[in-house]
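To keep things clear, I will list the structure first and then write my remarks on it.
Remember, it's 1-based here, ligands and their atoms both numbered in the order they're listed.
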Amino acid sequence: MNNKRTRIYEGKAKILYEGPEPGTVVVHFKDDATAFNAEKKAVIEGKGVLNQRISEYLFTKINEMGLPTHFIRSLNMREQLVREVEIIPLEVVVRNVAAGSISKRLGIEEGKPLPRSIIELYYKNDKLGDPMVTEEHVTAFGWATPQEMDDIVHMSVRINDFLSGLFLGIGIRLVDFKLEFGRYYENDMMRVVLADEISPDNCRLWDMKTNDKLDKDRFRRDMGGLVEAYQEVAKRLGIIQQGEIVERSLKLVKND
Ligand code: TMP
Ligand code: ASP
């Protein structure tokens, strides 16, 4: 790794470096796991690589659908080259099945399918603990314009339909997930593009047959087996081979 490059920002799970050309950024996926606004922390060996590869796969497909994203290409197992964007300070959560905070807040049993998909907005601000907001707040405070919100909602719905079908095909229920968007400036044009990552860190993925959790709830709820679960997702998507899994298990045995 080139240590001389300039670090732009370090987040909870990723580090951003200046890219090789103007207007590009290198995203480095760390093995760090956090939950509950970083009150709970751990390093889980292998998580960064799995998230990078799963996110690469999904962003490539979303690009192929014709939806604009920040993703350009993977550089290595842990790093991606992406377009520099101005992040819109929103966490856009799409839910198909009740789980997590909606179950707690509204008293809906986990696992209950929602009458229709629901989009929720959270103001991305760690100090405030990412409070839930409405579109009224978003446009009144100027975090995004009404036109940008139209694009965000439209893209989120399309991404939900696409990902739900994709995961259904490999026996996984897409319960919910979180997206982030950014503004990409190209010459005099600005457009809203999908940014951040889509991985088991920011989705809830349940096995269709067993309801086994194949996502970060394994860490949030102290269930163990996070890397194995993420590997299962990668394996079903066809992006890691049986051999790679064996290799890692052997390494784990050696290290333990
Ligand atoms: P929630 O049920 O805790 O609100 O989470 C909904 C979805 O959003 C779930 O798939 C996990 C994801 N998520 C994030 O990616 N980052 C976060 O900070 C939170 C709270 C949730
Ligand atoms: N990523 C968030 C945090 O650290 C929360 C979560 O995903 O549960 O703190």
Side-chain angles (χ1 to χ4, degrees), residues 9-16 27-44 47-48 50-52 54-55 58-59 62 70 87-114 117-134 143 152-153 155-157 159-160 162-164 166-167 172-182 194-207 211-224 226-227 229-230 233:
Y9 177 78
E10 177 154 7
K12 285 177 282 199
K14 295 190 286 291
I15 306 173
L16 304 185
V27 183
H28 177 101
F29 286 69
K30 299 193 283 183
D31 281 339
D32 299 25
T34 66
F36 314 118
N37 206 9
E39 270 173 40
K40 179 172 176 166
K41 283 187 199 164
V43 176
I44 302 177
K47 182 179 82 82
L50 284 159
N51 281 348
Q52 191 287 121
I54 293 169
S55 197
L58 299 174
F59 270 70
I62 292 167
H70 74 159
I87 288 286
I88 294 171
L90 292 177
E91 304 211 341
V92 180
V93 169
V94 185
R95 302 184 186 270
N96 300 305
V97 175
S101 68
I102 197 174
S103 291
K104 270 208 197 109
R105 198 180 327 112
L106 303 180
I108 309 172
E109 194 191 335
E110 281 215 328
K112 202 164 185 241
L114 295 168
S117 300
I118 291 174
I119 298 184
E120 295 173 345
L121 304 171
Y122 295 83
Y123 178 44
K124 193 173 150 69
N125 184 319
D126 279 342
K127 271 197 209 139
L128 301 176
D130 299 343
M132 194 186 204
V133 294
T134 70
W143 300 325
I152 287 172
V153 169
M155 281 198 259
S156 299
V157 169
I159 292 166
N160 183 41
F162 171 70
L163 291 181
S164 294
L166 185 137
F167 281 115
I172 292 174
R173 190 180 306 286
L174 179 61
V175 170
D176 57 33
F177 59 98
K178 185 261 293 182
L179 300 174
E180 292 185 26
F181 294 87
L194 181 68
D196 193 46
E197 68 177 282
I198 304 178
S199 73
D201 263 15
N202 49 33
C203 298
R204 283 198 175 89
L205 303 169
W206 295 357
D207 181 89
N211 278 334
D212 267 0
K213 296 184 197 311
L214 302 174
D215 57 62
K216 204 167 101 177
D217 271 348
R218 300 205 75 87
F219 170 70
R220 295 189 191 97
R221 301 181 188 192
D222 296 317
M223 301 168 78
L226 180 134
V227 165
Y230 286 28
V233 174

Applying a heavy-atom distance cut-off of 4.0 Å, which protein residues contact ligand 2?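 Residues within 4.0 Å of ligand 2: Lys12, Thr34, Ala35, Phe36, Asn37, Ala38, Lys216, Arg220.
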Between atom CG of Asp196 and atom CD1 of Ile87, what is the distance when rounded to the nearest 0.5 Å?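 That separation rounds to 6.5 Å.
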For the CZ atom of Phe59 and the CG atom of Leu194, what is their distance to the nearest 0.5 Å?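 That separation rounds to 4.0 Å.
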Run the side chain to side chain contact (heavy atoms under 4.5 Å, CB included) check on Phe219 and Lys40 step by step: do they pass? CA-CA 9 Å; Phe219 170 70; Lys40 179 172 176 166; 3.7 Å; yes
Please identify which atoms of ligand 1 are closer than 4.0 Å to at least one heavy atom of [X].
| X | answer |
| --- | --- |
| Val93 | 6 (C), 8 (O) |
| Phe177 | 10 (O) |
| Gly100 | 2 (O) |

Give a yes or no on whether the backbone of [Y] and the side-chain of [X] come within a donor-acceptor separation of less than 3.5 Å.
| X | Y | value |
| --- | --- | --- |
| Lys12 | Asp32 | no |
| Asn202 | Glu197 | yes |
| Glu110 | Gly100 | yes |
| Asp31 | Val43 | no |
| Arg218 | Lys213 | yes |

Does either side chain, that of Asn96 or that of Asn160, offer a donor lying less than 3.5 Å from an acceptor on the other one?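 The answer is yes; a qualifying pair exists.
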Protein heavy-atom partner closest to atom 21 (C) of ligand 1 - residue, atom, separation in Å: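 Looking only at protein heavy atoms, the one closest to atom 21 (C) of ligand 1 is Arg220 NH2, 4.5 Å.
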Where is the nearest protein heavy atom to atom 10 (O) of ligand 1: which residue, which atom, and how far?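 Atom 10 (O) of ligand 1 sits closest to the protein heavy atom Asp176 OD1, 2.5 Å.
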So among Ile172, Leu226, Ile54, Leu214, which one has a side-chain contact (heavy atoms from CB on, under 4.5 Å) with Pro200?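 Answer after filtering Ile172, Leu226, Ile54, Leu214: Ile54.
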Using heavy-atom distances only, which candidate in [options] approaches [atom] most closely?
| atom | options | value |
| --- | --- | --- |
| atom 14 (C) of ligand 1 | Lys124, Lys178, Glu197 | Lys178 |
| atom 17 (C) of ligand 1 | Arg204, Glu91, Arg95 | Glu91 |
| atom 1 (P) of ligand 1 | Ser101, Ala99, Ala38 | Ser101 |

Any pair counted as salt bridge (charged side-chain N to carboxylate O under 4.0 Å, His left out), so long as it reaches residues 92-104, sequence neighbours left out: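 Pairs touching residues 92-104 that pass the test: Arg95-Glu120, Arg95-Asp176.
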Under a 4.0 Å heavy-atom limit, does Asn202 contact ligand 1 with its side chain, its backbone, both, or neither?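 Asn202 to ligand 1: contacts from backbone and side chain alike.
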Taking 4.0 Å as the limit for heavy-atom contacts, which would you say applies to Glu110 with ligand 1: side chain only, backbone only, both, or neither?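 Neither part.
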Less than 4.0 Å between atom 7 (C) of ligand 1 and some protein heavy atom, yes or no?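 At least one protein heavy atom is under 4.0 Å away.
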